[in-house]
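One structure below.
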Amino acid sequence: MCTKETRPNKLRKQDCVSARRLKRLTKETRHNKLRKQDCVSARRLTMDLIGCSLLDPDLGLGTQIMNFSELPSTQEPNITIIEQPRQRGFRFRYSCEGPTHGGIQGESSERNRKTHPAIKVFNYIGPAKIVVQCVTTDEPPLLHVHSVVGKQCTNGICEVYINSNDMIASFPNLGILHVPRRSVAEILEERLVQGWRKENSEGSQLKELTEEEREHIHKAAQQRAKVIDLAVVRLMFTAYLPDNNGTFTLRLEPALSGPIYDSKAPNTCDLKIVRMDRMSGSAAGGEEMYLLCDKVQKDDIQVRFYEQDENGPLWEAFGKFGPADVHRQYAIVFKTPKYYNNSIKNPVSVLVQLRRRSDGETSDPKTFIYYPPKRDKERVHQKRKKPSQDEPAQNGRQESVNGRGFYWTYVPDFSRYEGRSQFPAHNADSLCETGAISAPLKRPLEHRSEEKTIFNEEEDTGSCCAWH
DNA sequence: CGGGAAGGTAG
DNA sequence: GCTACCTTCCC
């Protein structure tokens with residue numbers, strides 16, 4: 001499997017040779033893991049070049065895969081992430097901004113209890129070198145043009161030595177250096193050339209690239225520069241244990257973090273509702289509403305009204321607006337969607353959030369209260385005559401159901417969920433005839449067909465975006 | 001540390 | 001000309 005054809009460069013040769021040795025000494029599974037990561041992408045020269053040069057975790061450091069023969073094969077040393085980096089809310093910094101802007105926090109970080117990314121080497125106690133690098137979210141991962149910066153970092157890689165009982169390394173000061181777009185191709189090309197040199201200079205012989213090869217690499221770099229995502233990186237943690245000479249050449253299989261999204265990039269930044277010009281409205285919907293927010297992209301943003309319980313979403317509908325209603329990325333003017341039941345007798349508290357279409361990210365919600373729509377006297381009269389399941393016991397302080405004043409003194413009414421008797425039959429399907437929702441609800445709305453629609457259907461005031 | 005804002009640039 | 005994005009500047 002790991003033949004000459006599939007591993008024409010040095011890195012792979014190295015890994016594969018070790019792997020072959022490992023096969024005899026260690027479990028088959030480990031062997032396969034190595035193979036997959038190191039040999040799979042070796043198809044075309046272009047891919048291969050990129051795969052080699054951009055994956056090679058330490059160009060020029062000449063390392064070999066750990067030989068486990070002297071260790072119990074059931075308990076191999078391994079490096080594991082015990083605290084993942086925060087996925088969002090961290091800003092990649094340009095070099096011109098200086099390095100002192102704080103490191104990336106850990107996933108479980110809190111306001112006054114900050115954590116940081118951390119790894120632990122299991123099944124081994126002793127000196128170890130830990131290297132941290134930025135890689136892409138591609139599979140297999142490639143070295144990213146962005147790099148890590150911080151206290152223990154030099155040349156875009158972070159290096160620490162540990163030798164403790166817990167074998168834990170924590171990284172309190174990792175920053176991500178954002179490379180300017182204009183330099184991406186250049187950096188990539190440089191790296192490819194380095195990779196080429198490394199694999200083509202056996203011994204001390206230095207070969208030069210031919211014009212053709214240079215051109216090829218140039219093209220490959222240009223190509224790659226076009227598609228590389230500058231808004232997301234992963235951290236790759238690699239552990240090196242000392243060999244017989246005491247130098248750290250025995251590489252353990254790297255541990256990869258989850259994705260880290262640049263909080264400054266418009267398509268991955270945090271969503272936030274700053275302010276809304278109204279916190280309540282008619283269950284009939286169709287009312288104009290202004291919402292101020294942190295930066296959004298006008299073609300990729302939704303205002304989602306929804307309800308959910310501990311089991312998941314119950315109802316959702318979308319504010320109605322088009323790209324032109326998004327004002328300079330910071331404000332949205334839209335029409336409220338109607339509530340699924342516009343004959344509610346009591347105010348209903350729902351939630352509103354921003355939602356990014358492209359990745360499904362959402363903001364923290366704000367509460368929004370639907371109040372019973374104003375009705376003509378006749379219908380109110382009719383309704384009074386037949387109180388029923390759609391009039392749950394009031395638990396609020398509302399005195400009146402047909403006035404408007406009560407919603408100022410609103411007390412949420414959750415009793416309506418008890419029997420689940422008010423779900424509209426058509427709700428889930430009508431959510432978005434125009435395709436504003438791409439992802440289905442996590443949990444399908446229940447009682448759809450067996451429930452009666454208990455409100456009068458009026459004209460469908462858009463329950464979703466009218467565009468797209 | 002963490003954030004906003006300014007100024008430049010590309011579509 | 002305008003908008004949104006990118007990069008740099010700065011509190």
Side-chain angles (χ1 to χ4, degrees), chain A residues 83 85-118 132 134 136 144-153 156 158 170-188 221-233 235 259-275 290-303 321-334 354-359 361 363-364 465 467-468:
Chain A
E83 175 71 0
R86 261 259 156 82
Q87 287 205 354
R88 297 191 183 267
F90 183 74
R91 174 164 154 185
F92 301 178
R93 295 285 179 168
Y94 291 85
S95 59
C96 63
E97 295 186 276
T100 51
H101 289 278
I104 189 165
Q105 293 181 16
E107 198 174 34
S108 56
S109 203
E110 285 166 36
R111 239 186 205 269
N112 38 14
R113 192 124 201 122
K114 289 190 177 169
T115 68
H116 305 280
V132 193
C134 276
T136 64
H144 206 285
V145 278
H146 294 342
S147 56
V148 287
V149 287
K151 286 210 174 76
Q152 303 136 316
C153 306
C158 179
S170 179
F171 299 87
N173 203 265
L174 284 184
I176 309 290
L177 181 72
H178 193 302
V179 160
R181 192 172 288 283
R182 60 172 183 274
S183 348
V184 170
E186 202 181 322
I187 293 171
L188 252 22
Q222 298 280 326
Q223 179 87 20
R224 176 99 194 123
K226 264 190 261 175
V227 298
I228 192 167
D229 190 345
L230 297 184
V232 56
V233 303
L235 297 179
I260 302 166
Y261 300 98
D262 182 10
S263 73
K264 205 65 190 312
N267 59 332
T268 57
C269 62
D270 283 337
L271 297 172
K272 185 178 169 196
I273 296 174
V274 177
R275 200 160 166 173
Y290 286 32
L291 181 157
L292 306 186
C293 52
D294 280 359
K295 176 136 62 180
V296 297
Q297 294 176 298
K298 68 182 177 195
D299 292 306
D300 191 28
I301 193 69
Q302 298 173 307
V303 180
F321 64 94
D325 299 312
V326 177
H327 178 73
R328 308 227 170 186
Q329 306 186 279
Y330 291 98
I332 305 172
V333 181
F334 61 96
L354 291 172
R355 183 177 182 278
R356 188 160 47 220
R357 247 168 229 295
S358 55
D359 62 0
E361 272 301 300
S363 71
D364 286 342
C465 292
W467 44 285
H468 246 253

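Naming: A, B, ... by sequence-line order, numbering from 1 per chain.
Look at CG on A:L230: it is 11 Å from C1' on C:dC6, rounded to the nearest Å. Protein atom CD of A:Q329 is 14 Å distant from nucleotide atom P of B:dA5, rounded to whole Å. One atom, CG of A:D270, and another, P of B:dG3, lie 10 Å apart when rounded to the nearest Å. What separates OH of A:Y330 from C1' of C:dT3 is a distance of 13 Å, to the nearest Å. To the nearest angstrom, C1' of C:dT7 lies 7 Å from CZ of A:R182. In this structure, CG of A:D262 is placed 15 Å from P of B:dG2, rounded to the nearest angstrom. Rounded to whole Å, the distance from CZ on A:R86 to P on B:dC1 is 15 Å. Going from atom CD of A:E97 over to atom P of B:dC1 covers 16 Å, rounded to whole Å.
Here the side chain of A:R86 pairs a donor or acceptor atom with the backbone of A:S109 at under 3.5 angstrom. The main-chain N or O of A:E107 is found under 3.5 Å from a side-chain atom of A:E83 such that the two form a donor-acceptor pair.
Side-chain N/O atoms of A:K114 include one lying less than 4.0 angstrom from OP1 or OP2 on B:dG2. Distances shown here put every side-chain N or O of A:K295 at or beyond 4.0 Å from the OP1 or OP2 atom of C:dA4. OP1 or OP2 of B:dG2 has at least one side-chain nitrogen or oxygen of A:Q105 nearer than 4.0 Å. Distances shorter than 4.0 Å separate none of the side-chain N or O atoms of A:Q297 from OP1 or OP2 on C:dT3. Under 4.0 angstrom from either OP1 or OP2 of C:dC5 there lies no side-chain N or O belonging to A:N267. Applying the 4.0 Å criterion to OP1 and OP2 of C:dT8, one finds that A:Y94 has every side-chain N and O outside that range.
In this structure, the nucleotide among C:dC9, C:dA4, B:dG2 sitting nearest to the side chain of A:H101 is B:dG2. Picking from C:dT8, C:dA4, C:dC6 the nucleotide with the shortest atom distance to the side chain of A:K264 gives C:dT8.
Using cut-offs of 30° and 60° on the angle between ring planes, the pair A:H146 and A:F92 is perpendicular.
Residue-to-nucleotide proximity on DNA chain B shows that, of A:R91 and A:G102, the 5′-proximal contact is made by A:G102. Ranked by how close their nearest DNA chain B nucleotide is to the 5' end, A:D294 and A:P172 are led by A:P172.
Taking only distance into account, the side chain of A:R93 meets the base of B:dG3 through a donor-acceptor pair shorter than 3.5 Å.
A salt bridge links A:D359 with A:R88; the closest basic N to acidic carboxylate O contact falls under 4.0 Å.
Rounded to whole Å, the separation between the P atoms of C:dC10 and B:dC1 comes to 22 Å.
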- [ ] Go through A:H116 and A:F171 one step at a time and tell me if the ring-ring contact (aromatic ring centres under 6.0 Å, His included) criterion holds.
- [x] CA-CA 6 Å; A:H116 305 280; A:F171 299 87; over 10 Å; no
